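Heads up: the structure comes next, in structure tokens.
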Amino acid sequence: MKLEGMEVFQESSSCVKVSAEGKIIYIDPFGIKNTEKADLILITHEDPGHLNLEDVEKVFKEETVIVTNIICHPFLLQLGKDINHLFIV
């Protein structure tokens, strides 16, 4: 679907990818086939269908910003990555 300068893709039953102005946003990374690196990852909760570490790792880059809740934080630490831009809301 295209909306004024942005494209929205359904990646899986719970994952949506948004492409806008050269930036890539993943919401609830799960079942990602496209490995386009993320500028922003939004994770709503810890259910494996919404937070899948393998899929987060596929699209993560050093500059990726991750926004999630406090419950997801320990799961993300399991990635073993230096997440410089992690925001807990």
Side-chain angles (χ1 to χ4, degrees):
M1 168 182 10
K2 287 190 177 193
L3 302 166
E4 291 190 40
M6 93 175 119
E7 292 184 84
V8 180
F9 306 91
Q10 185 80 37
E11 289 283 320
S12 68
S13 60
S14 63
C15 180
V16 173
K17 179 179 93 172
V18 178
S19 175
E21 299 182 15
K23 301 293 183 185
I24 302 297
I25 301 165
Y26 287 95
I27 303 167
D28 289 340
F30 172 75
I32 295 174
K33 294 166 188 64
N34 182 345
T35 57
E36 195 168 6
K37 298 297 183 188
D39 295 290
L40 174 63
I41 298 174
L42 305 172
I43 303 170
T44 59
H45 63 287
E46 73 282 1
D47 182 277
H50 295 262
L51 167 56
N52 182 284
L53 293 179
E54 289 179 17
D55 286 307
V56 170
E57 191 164 28
K58 280 182 199 176
V59 299
F60 181 83
K61 61 183 179 183
E62 187 176 325
E63 302 84 22
T64 300
V65 174
I66 299 177
V67 179
T68 190
N69 62 53
I70 192 69
I71 297 170
C72 294
H73 182 251
F75 293 97
L76 291 168
L77 292 177
Q78 293 175 21
L79 284 173
K81 304 264 185 208
D82 188 15
I83 303 173
N84 298 314
H85 311 288
L86 176 64
F87 297 91
I88 306 298
V89 293

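These numbers were taken from a predicted model, which means no experiment stands behind them. When reading the values below, keep in mind they use all heavy atoms of this one structure, side chains included, and skip hydrogens, waters and symmetry mates.
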Distance from D39 atom CG to E21 atom CD, nearest 0.5 Å? 11.5 Å

Under the side-chain contact (heavy atoms from CB on, under 4.5 Å) rule, what do E7 and V18 come out as? Steps first, then yes or no, please. CA-CA 6 Å; E7 292 184 84; V18 178; over 6 Å; no

Would you please test E57 and L53 for side-chain contact (heavy atoms from CB on, under 4.5 Å) and show each step? CA-CA 6 Å; E57 191 164 28; L53 293 179; over 6 Å; no

Around atom NZ of K37, are there more than 12 heavy atoms of other residues, nucleotides or ligands at under 6.0 Å? yes

Answer with yes or no whether the hydrophobic clustering places I88 together with L42; edges join I, L, V, M, F, W, Y residues whose side-chain heavy atoms lie under 4.5 Å apart. no

Flag the pair I32 / C15 as yes when at least one side-chain heavy-atom distance between them is below 4.5 Å, and no otherwise. yes

For residues V8 and Y26: do they belong to one hydrophobic cluster (side chain heavy atoms under 4.5 Å, members Ile, Leu, Val, Met, Phe, Trp, Tyr)? no

L51-I24 co-clustered via ILVMFWY side chain contacts under 4.5 Å: yes

Closest non-hydrogen atoms of C72 and E46, given as atom of the first, atom of the second and distance, are SG-N, 3.5 Å

Is there side-chain contact between P29 and I43, with at least one heavy-atom pair below 4.5 Å? yes

Any I66 side-chain heavy atom under 4.5 Å of F87 side chain: no

So, Q10 side chain and S12 main chain: donor-acceptor pair closer than 3.5 Å or not? yes

Got a salt bridge between E36 and K17, using NZ or NE/NH1/NH2 to carboxylate O under 4.0 Å? yes

When hydrophobic residues are tied together by side-chain contacts of less than 4.5 Å, even through go-betweens, does I71 share a cluster with I27? no

In the structure I gave you, are the side-chain heavy atoms of I41 and T64 within less than 4.5 Å of one another anywhere? yes

Kindly work out whether a path of hydrophobic side-chain contacts (I/L/V/M/F/W/Y, heavy atoms less than 4.5 Å apart) joins I25 to V56. no

Could you give me the CA-CA distance, side-chain angles and deciding distance for I83 and L76, then say whether side-chain contact (heavy atoms from CB on, under 4.5 Å) is met? CA-CA 9 Å; I83 303 173; L76 291 168; 4.1 Å; yes

Taking the side chain as C-beta and beyond, is there a heavy-atom pair between H45 and N69 under 4.5 Å? yes

Residue pair T44 / D28, side-chain donor-acceptor N/O under 3.5 Å: yes

Given the rule in the side-chain contact (heavy atoms from CB on, under 4.5 Å) test, do V89 and T68 qualify, once you have shown the distances and angles that lead to the verdict? CA-CA 6 Å; V89 293; T68 190; over 6 Å; no

